Amino acid sequence: KFTLSGLGYHLISKEFNVKLINYNFWYPIDKTTLHLIDQVDEITQKTGRKVKLLGHSQGGLLSIDIAQQRPDLVERVIALGAPLRGTHTAYVHYPVPSCQQMLPNNSYGRGLLEREFSNEVNFYSIYSPFDQIIQPWESALLPKGFNHLKNIRVENVGHLGLIGPGCYDLVERLLKEKKQNII
């Protein structure tokens, strides 16, 4: 099942063109990214337009990675509860390759943060201080000091609440925004 299906169906009901893409969450994130880039490339070739990527948790990392590697394919990224700097809860499933890449201060996350965030793409990180999975919650923050990177704090939701009805309007608003530099 898709973890974003509720949000996806909500967006479809609001007449957004949505494609939910499933992936094996236990595979190494960097290898999954390469597979997903091919799918995103196919979509952009069919539509003739850049895509807006929306990803929750590990999916947020994947979305950022895709946009960094192929900014020519992506207009914006909305990452919800993405452990950019890792999370202590990844130790629970340590043997899983993707969880090893989500440990605090891991090389995968450091690589994402050190790589260029193309100013051709607007990046949003929606996070919550009540996120019980991304520990510490500050791990979900994008670097500061760039107009095209924006951290958006939401209150009173946990990790799954970031993809729940309480965040639908925010996500919808960010998807509808005209392409612009974020101030």
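This chain uses plain numbering: 1 for the first residue, then up along the sequence. Model, not experiment: these values are computed from the prediction.
Rounded to the nearest 0.5 Å, atoms CG (Asn151) and CZ (Phe123) are 12.5 Å apart. The distance from the CZ atom of Arg173 to the NZ atom of Lys176 is 11.0 Å, given to the nearest 0.5 Å. Taking NE2 of His35 as the start and CG of Leu62 as the end, the distance is 10.5 Å to the nearest 0.5 Å. Summarising the geometry, atom CD belonging to Gln68 is positioned 8.0 Å from atom CG belonging to Leu113; distances are rounded to the nearest 0.5 Å. We find the CD-CD distance between Glu116 and Gln69 to be 13.0 Å, quoted to the nearest 0.5 Å. With values rounded to the nearest 0.5 angstrom, His10 atom NE2 is found 11.0 Å from Cys167 atom SG.
Contact check for Leu61 versus Gln101: no side-chain heavy atoms found under the 4.5 Å cut-off. No side-chain heavy atom of Leu11 sits under 4.5 Å from any side-chain heavy atom of Asn17. Side chains of Ser128 and Leu162 form a contact here, defined as non-hydrogen atoms less than 4.5 Å apart. Counting heavy atoms from C-beta outward, Leu80 and Tyr124 have side chains that stay 4.5 Å or more apart. In this structure the side chain of Arg49 never reaches within 4.5 angstrom of the side chain of Glu75, judged on heavy atoms. For the pair Gln58 and Tyr23, the minimum side-chain heavy-atom distance is below 4.5 Å. For the pair Ser125 and Leu141, the minimum side-chain heavy-atom distance is 4.5 Å or more. A heavy-atom distance below 4.5 Å is found between the side chains of Phe16 and Glu172.
Atom CZ of Arg153 has more than 12 neighbouring heavy atoms from other residues, nucleotides or ligands inside a 6.0 Å radius. Other residues, nucleotides and ligands contribute at most 12 non-hydrogen atoms within 6.0 Å of the CZ atom of Phe25. In Phe130, the CZ atom is crowded: over 12 heavy atoms of neighbouring residues, nucleotides or ligands sit closer than 6.0 Å. For CD of Glu15, the number of neighbouring non-hydrogen atoms (other residues, nucleotides, ligands) closer than 6.0 Å is 12 at most.
Here the closest heavy-atom approach between residue Val77 and residue Ala67 is recorded as CG2-CB, 3.5 Å. For the residue pair Leu112 and Phe117, the shortest heavy atom distance occurs at O-CE1, 3.6 Å. Residues Pro83 and Met102 approach most closely at CG-SD, 3.8 Å, considering heavy atoms. When every heavy atom of Leu20 is checked against every heavy atom of Gly8, the shortest pair comes out as CD2-CA, 4.3 Å.
Exactly one residue among Asp41, Ile37, Val121 makes a side-chain contact (heavy atoms from CB on, under 4.5 Å) with Ile66. That residue is Ile37.
For the pair Thr47 (side chain) and Ile43 (backbone), a donor-acceptor distance under 3.5 Å is present. For the pair Thr33 (side chain) and Asp65 (backbone), a donor-acceptor distance under 3.5 Å is absent. Ser139 places no side-chain N or O within 3.5 Å of a backbone atom of Leu84 that could act as its donor or acceptor partner. Remark: side-chain polar atoms of Asn122 are not paired, donor with acceptor, to backbone N or O of Arg76 under 3.5 angstrom. Judged purely by atom type and a 3.5 angstrom limit, Thr89 uses its side chain to pair as donor or acceptor with the backbone of Ile133. Panel note: side chain Ser57, backbone Gly59; no donor-acceptor pair is recorded below 3.5 Å. No donor-acceptor pair closer than 3.5 Å links the side chain of Ser98 to the backbone N or O of Pro28.
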Task: Full working for side-chain contact (heavy atoms from CB on, under 4.5 Å) between Ile78 and Leu53 - done: CA-CA 6 Å; Ile78 301 171; Leu53 297 176; over 6 Å; no
Open item on the list: For a side-chain contact (heavy atoms from CB on, under 4.5 Å) check, start with the C-alpha distance between Thr32 and Leu36, then their side-chain angles and the critical distance, and finish with the verdict.
Closed with: CA-CA 6 Å; Thr32 302; Leu36 293 176; 3.9 Å; yes
Open item on the list: Walk me through whether Leu54 and Val18 qualify under side-chain contact (heavy atoms from CB on, under 4.5 Å).
Closed with: CA-CA 10 Å; Leu54 176 65; Val18 175; over 6 Å; no
- [ ] Dump the intermediate steps for side-chain hydrogen bond (donor to acceptor under 3.5 Å, both in side chains) on Asn106 and Gln100, then the final yes or no.
- [x] CA-CA 8 Å; Asn106 67 81; Gln100 291 174 15; over 6 Å; no
Open item on the list: For a side-chain contact (heavy atoms from CB on, under 4.5 Å) check, start with the C-alpha distance between Leu174 and Ile152, then their side-chain angles and the critical distance, and finish with the verdict.
Closed with: CA-CA 11 Å; Leu174 293 174; Ile152 302 170; 3.7 Å; yes
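The closest side-chain donor-acceptor pair between His159 and Asp131 falls under 3.5 angstrom. Using a 3.5 Å distance cut-off with no hydrogens or angles, the side chains of Glu120 and His148 do not pair a donor with an acceptor.
Under the 4.5 Å side-chain contact rule for hydrophobic residues, Phe146 and Ile64 share a cluster. A continuous path of Ile, Leu, Val, Met, Phe, Trp and Tyr side chains, each step under 4.5 Å between heavy atoms, connects Val157 with Val171, placing both in one hydrophobic cluster. If you chain together hydrophobic residues whose side chains sit under 4.5 Å apart, Tyr168 and Leu170 fall into the same group.
Salt bridge annotation for Asp72-Lys50: absent, with no cationic side-chain nitrogen under 4.0 angstrom from a carboxylate oxygen.
Note: His88 and Tyr91 have parallel aromatic rings, judged against thresholds of 30 and 60 degrees for the angle between ring planes.
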